[in-house]
Amino acid sequence: MANGPAGKLREQVTETFKIASVMGARPQFVKAAMVSRAFSAQSGVKEILVHTGQHYDREMDQVFFEELRIPKPAYNLGVGSGSHATQTGEMMRRLEEVLEREAPRRVLVYGDTNSTLAGVLVAAKLKIPVDHVEAGLRSFNRAMPEEINRVVADHLASLLFCPTGTAVTNLAHEGLIQGVHQVGDVMYDATLMLAQASQSVDPFLEKMKVAPRDYLLLTLHRAENTERKQDFDRFFNGLGKLGHLILFPVHPRTSAFIKAHDITLPANVRTLPPVSYLQMLQLEKNALAILTDSGGVQKEAFFLQVPCLTLRRETEWVETIEAGWNRLVGLDPDAVEEGLRKHLDGSVRSSCNCFGNGKAAERIVEIETQMVTRESFDESREANAPNADGRSDVAVQCLRP
Ligand code: UD1
Ligand code: UDP
């Protein structure tokens, strides 16, 4: 940033700019952590972290801030749980006050949760440019709350930071081509940075007394998979017959469902409270295979080259399927059994560089910094020279692909 046209611009603009990052749920802490690190290495920009409070249990929230060294948020809106409208509406009400007070130059939102939706709606209505990290993902299933959140976020965002080429194509099909940047995946940045070191920080497998490849790892939390007891029971009965130890860190939504329906899980399924990010990376890295309905966990399985069965009918992360590391099995126990057998029989798998080079967060921060610097430069030129025709002289790196 110090050199080149943008660096020259930066020298002429001495102001410190505020950019607000809005987050609230577990996967957003992982994504925002990488971006926040990159911001802290960047002079001239002050990042204001706003936590909506969507996730609030220590193991869903605080533990990520500690492990990933995310600075304490300047604001925690303390919204907590509720129906979609109650939760999103309350976030919007509280976030509006914060953004009005802070008047950031831009707002960043991450992924596809209700915190993302609240962030884009509030910022767009306050006429603050809002930029979407992990733009362009589509399941093409509007029954998923996340799909609704993503579509709205992408159509309101000024800058669309896409993790993959597929995401760019999805946006183009919806007519979104302006402000689109294929930067890579910030979760890939995090995995690359921390997977290797995770074991020395906290040797979790030893504590759990399990050996590498001696277990399957399971996560399950999607609304669609925690609604019908019959499907849930059938799935777990199937897991009971697999004959593998299954480690299952349980999301609070799923815990609530198990408790409400008084469900007893099979003896080979060992439940754990939600684990920390570094613990999760170790569980993933050493699993024989992973069963999950999580978006983030599907990707991490791919990054760590562990076979994955996705407990859904579709996925946004099609590259993981195409490369042979992931299979869609839904909650169907027969498909799980068959998918696992095929994976373990050594099916053909390939790798790809489709998630970037581990520097997605740096690229996002570079683009954000260029944007605020350029805007400020343009504003000061406008103020000082009302007839300034020379705008085309301003040497700014083209930000569009
Ligand atoms: C949310 C996201 C989902 C994401 C997931 C990551 C939406 C619509 N969904 O789903 O896209 O994959 O986060 O984990 O935003 N709960 C607690 N403690 C907590 C948090 C939640 O007990 O700290 C329980 C509450 O009973 C709550 C339920 O979990 O009602 C669901 O939480 P919520 O944040 O609404 O959705 P998630 O299922 O976590
Ligand atoms: N994760 C974790 N502990 C757990 C389960 C998940 O640290 O017990 C991490 C996981 O490694 C990934 C992120 O949380 O980085 C994914 O979050 P989640 O599955 O809740 O949401 P999704 O990605 O499906 O939106």
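Atoms within each ligand, like the ligands themselves, are counted from 1 in listed order.
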Novice: With atoms numbered from 1 as shown, which atoms in ligand 2 lie under 4.0 angstrom from a non-hydrogen atom of Pro274?
Specialist: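 Ligand 2 atoms under the 4.0 Å threshold to Pro274: 8 (O).
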
Novice: Using heavy-atom distances only, which candidate in Met280, Arg222, Arg253, Gln28 approaches atom 9 (C) of ligand 2 most closely?
Specialist: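 Comparing heavy atoms across Met280, Arg222, Arg253, Gln28, the nearest one to atom 9 (C) of ligand 2 lies in Met280.
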
Novice: I want to know if ligand 2 touches Thr219 in the polar sense, i.e. an N/O pair below 3.5 angstrom.
Specialist: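 Looking only at distances, the answer is no, because the N/O contact criterion of under 3.5 Å is not met.
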
Novice: Where's the contact between His55 and ligand 1, heavy-atom distance under 4.0 Å: side chain, backbone, both or neither?
Specialist: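 Looking at His55 and ligand 1, atoms from backbone and side chain both fall under 4.0 Å.
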
Novice: Counting both backbone and side chain atoms, is some N or O of Arg26 under 3.5 Å from an N or O of ligand 2?
Specialist: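 Yes, Arg26 has an N/O under 3.5 Å of an N/O on ligand 2.
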
Novice: When only distance counts, is Val30 in polar contact with ligand 2, meaning an N/O pair under 3.5 Å?
Specialist: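 No; every N/O pair is 3.5 Å or more apart.
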
Novice: Quick check for you: to the nearest 0.5 Å, what is the distance between Leu281 atom CG and Leu304 atom CG?
Specialist: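 The distance works out to 6.5 Å.
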
Novice: Under 3.5 Å, is there a donor-acceptor pair linking the side chains of Asp202 and Gln279?
Specialist: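 Looking only at side-chain atoms, Gln279 and Asp202 do form a donor-acceptor pair, the distance falling under 3.5 Å.
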
Novice: Considering all heavy atoms of both residues, which atom of Cys308 and which atom of Thr292 are nearest to each other, and what is their separation?
Specialist: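 Shortest heavy-atom contact: SG-CG2, 3.8 Å.
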
Novice: Counting heavy atoms only, which part of Pro27 comes closer than 4.0 Å to ligand 1: side chain, backbone, both or neither?
Specialist: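 For Pro27, only side-chain atoms sit under 4.0 Å from ligand 1.
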
Novice: Which atoms of ligand 2 sit under 4.0 Å from any heavy atom of Phe64?
Specialist: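 That gives atoms 2 (C), 7 (O) of ligand 2.
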
Novice: When you measure from atom 24 (C) of ligand 1 to every protein heavy atom, which one gives the shortest distance, and what is it?
Specialist: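 Minimum-distance protein heavy atom for atom 24 (C) of ligand 1 reads Pro252 CB, 3.8 Å.
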
Novice: Find all atoms of ligand 2 within a distance of less than 4.0 Å from any non-hydrogen atom belonging to Glu284, and give their numbers and elements.
Specialist: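 With Glu284 as reference, the close atoms of ligand 2 come out as 11 (O).
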
Novice: Using 4.0 Å as the upper bound for N to carboxylate O, is an ion pair formed by Asp293 and Arg312?
Specialist: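 No, Arg312 and Asp293 are not salt-bridged.
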
Novice: If we count only N and O atoms by modelled type, under 3.5 Å, do the side chains of Thr164 and Gln182 hold a donor and an acceptor together?
Specialist: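 No, no side-chain donor-acceptor contact under 3.5 Å.
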
Novice: Output the distance between atom OG (Ser36) and atom CD1 (Ile70), rounded to the nearest 0.5 Å.
Specialist: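 One finds 7.0 Å between OG of Ser36 and CD1 of Ile70.
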
Novice: Would you check whether Gly295 has a nitrogen or oxygen atom less than 3.5 angstrom from a nitrogen or oxygen atom of ligand 2?
Specialist: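 Yes.
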
Novice: CD of Gln305: more than 12 outside heavy atoms within 6.0 angstrom?
Specialist: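 Yes, enclosed.
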
Novice: Considering non-hydrogen atoms of the protein only, which is the closest contact for atom 23 (O) of ligand 2, and what is the distance?
Specialist: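 Result for atom 23 (O) of ligand 2: Gly296 N, 2.8 Å.
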
Novice: Is His251 in polar range of ligand 1, meaning some N or O pair under 3.5 Å apart?
Specialist: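 By distance alone, the answer is yes.
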
Novice: What protein heavy atom sits nearest atom 25 (O) of ligand 2, and how far away is it?
Specialist: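 Checking every protein heavy atom, the shortest distance to atom 25 (O) of ligand 2 gives Pro27 CG, 3.4 Å.
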
Novice: Just need the protein heavy atom nearest to atom 35 (O) of ligand 1, so name the residue and atom and give the distance.
Specialist: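 Nearest neighbour among protein heavy atoms for atom 35 (O) of ligand 1, to 0.1 Å: Gln87 NE2, 3.7 Å.
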
Novice: Name the option, out of Asp293, Asp112, Val275, Leu194, that contains the heavy atom nearest to atom 8 (O) of ligand 2.
Specialist: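 The nearest heavy atom belongs to Val275.
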
Novice: Work out whether the distance between some heavy atom of Glu59 and some atom of ligand 2 is less than 4.0 Å.
Specialist: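 Contact absent.
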
Novice: So which heavy atom in the protein is nearest atom 9 (N) of ligand 1, and how far is it from that ligand atom?
Specialist: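 I find the closest protein heavy atom is Glu146 OE2, 3.6 Å.
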
Novice: Quick check: Asp57 and ligand 1, any N/O pair under 3.5 Å apart?
Specialist: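 N/O-N/O distance below 3.5 Å exists for this pair.
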
Novice: Quick one: look at Ser276 and ligand 2, take heavy-atom pairs under 4.0 Å, and tell me if it's side chain, backbone, both or neither.
Specialist: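 For Ser276, the contact with ligand 2 is made by the backbone alone.
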
Novice: Nearest non-hydrogen contact with atom 15 (O) of ligand 2 belongs to which option: Glu316, Glu134, Glu300?
Specialist: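 Residue with the shortest heavy-atom distance to the ligand atom: Glu300.
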
Novice: Numbering the atoms of ligand 1 from 1, which are under 4.0 Å from a heavy atom of His84?
Specialist: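 Result: 8 (C).
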
Novice: Starting from atom 5 (C) of ligand 1, locate the nearest protein heavy atom and write down its residue, its atom name and how far away it is, to 0.1 Å.
Specialist: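 Going atom by atom, the protein heavy atom closest to atom 5 (C) of ligand 1 ends up being His221 NE2, 3.7 Å.
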
Novice: Report the nearest protein non-hydrogen atom to atom 34 (O) of ligand 1: residue, atom name, distance rounded to 0.1 Å.
Specialist: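 Looking at atom 34 (O) of ligand 1, the protein heavy atom closest to it is Gln54 NE2, 3.0 Å.
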
Novice: When the aromatic ring centroids of Phe232 and His261 are compared, is their separation below 6.0 Å?
Specialist: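 No, the ring centres sit 6.0 Å or more apart.
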
Novice: Starting from atom 38 (O) of ligand 1, what is the nearest protein heavy atom, named by residue and atom, and what distance separates them?
Specialist: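 I find the closest protein heavy atom is Arg253 NE, 2.6 Å.
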
Novice: Say whether, by atom type as modelled, one donor and one acceptor occur between the side chain of Asn268 and the main chain of Leu239 under 3.5 angstrom.
Specialist: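 Checking the backbone N and O of Leu239 against the side chain of Asn268, a donor-acceptor pair under 3.5 Å is found.
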
Novice: I'd like to check which ligand 2 atoms, numbered from 1 as shown, lie under 4.0 Å from a non-hydrogen atom of Pro249.
Specialist: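 Per the distance check, 8 (O).
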
Novice: Just by distance, with hydrogens left out, do Thr166 and Thr169 show a side-chain donor and acceptor under 3.5 Å apart?
Specialist: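 Side-chain D/A pair, Thr166 to Thr169: absent.
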
Novice: Under 3.5 Å, is there a donor on one side chain and an acceptor on the other for Asn114 and Asn149?
Specialist: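 Checked: Asn114/Asn149 side chains pair up, N/O donor to acceptor below 3.5 Å.
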
Novice: Would you say the ring centroid of Tyr110 lies under 6.0 angstrom from that of Phe29?
Specialist: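 Ring centroids of Tyr110 and Phe29 are no less than 6.0 Å from each other.
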
Novice: Could you tell me the residue and atom name of the protein heavy atom closest to atom 26 (O) of ligand 1, and the distance to it rounded to 0.1 Å?
Specialist: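 In this structure, atom 26 (O) of ligand 1 has Ser81 OG, 4.5 Å as its nearest protein heavy atom.
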
Novice: Return a yes/no value for Asn149: is any of its N or O atoms, backbone included, closer than 3.5 angstrom to an N or O of ligand 1?
Specialist: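 Between Asn149 and ligand 1 (N or O atoms, distance only) the closest approach is not under 3.5 Å.
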
Novice: Step through the shown structure and confirm whether more than 12 heavy atoms of other residues, nucleotides or ligands are within 6.0 Å of CG on Asn353.
Specialist: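 Atom CG in Asn353 is not crowded, with 12 or fewer foreign heavy atoms closer than 6.0 Å.
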
Novice: Determine whether the side chain, the backbone, both or neither of Met187 has a heavy atom under 4.0 Å from any heavy atom of ligand 2.
Specialist: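 Met187 to ligand 2: side-chain contact only, backbone stays beyond 4.0 Å.
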
Novice: Apply the test side chain to side chain contact (heavy atoms under 4.5 Å, CB included) to residues Val336 and Leu242: give CA-CA distance (whole Å), side-chain angles for both, the deciding distance (0.1 Å), then the verdict.
Specialist: CA-CA 9 Å; Val336 169; Leu242 285 182; 4.3 Å; yes

Novice: Are Phe355 and Phe302, when compared by the centres of their aromatic rings, separated by less than 6.0 Å?
Specialist: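 Ring-ring flag for Phe355/Phe302: true, centres closer than 6.0 Å.
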
Novice: With a 6.0 Å cut-off on ring centres, are His51 and Phe65 close enough?
Specialist: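 Ring centroids of His51 and Phe65 are less than 6.0 Å from each other.
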
Novice: What part of His221 sits under 4.0 Å from ligand 2 if we count only heavy atoms: the side chain, the backbone, both or neither?
Specialist: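 Side chain only.
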
Novice: Which residue and atom name correspond to the protein heavy atom nearest atom 19 (O) of ligand 2, and how close is it?
Specialist: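 Result for atom 19 (O) of ligand 2: Ser294 OG, 2.7 Å.
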
Novice: Whether the side chain of His132 engages the backbone of Leu160 through a donor-acceptor N/O pair (distance < 3.5 Å, no angle test) should be reported.
Specialist: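 No, the answer is negative, given that no donor and acceptor are paired below the 3.5 Å cut-off.
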
Novice: Side-chain donor-acceptor pairs under 3.5 Å in residues 321-330, sequence neighbours left out?
Specialist:
residue	atom	partner	partner atom	Å
Trp325	NE1	Ser350	O	2.9
Asn326	OD1	Thr310	OG1	2.7
Asn326	ND2	Gln298	OE1	3.1
Asn326	ND2	Thr310	OG1	3.2
Asn326	ND2	Thr320	OG1	3.0
Arg327	NH2	Ser347	OG	3.2

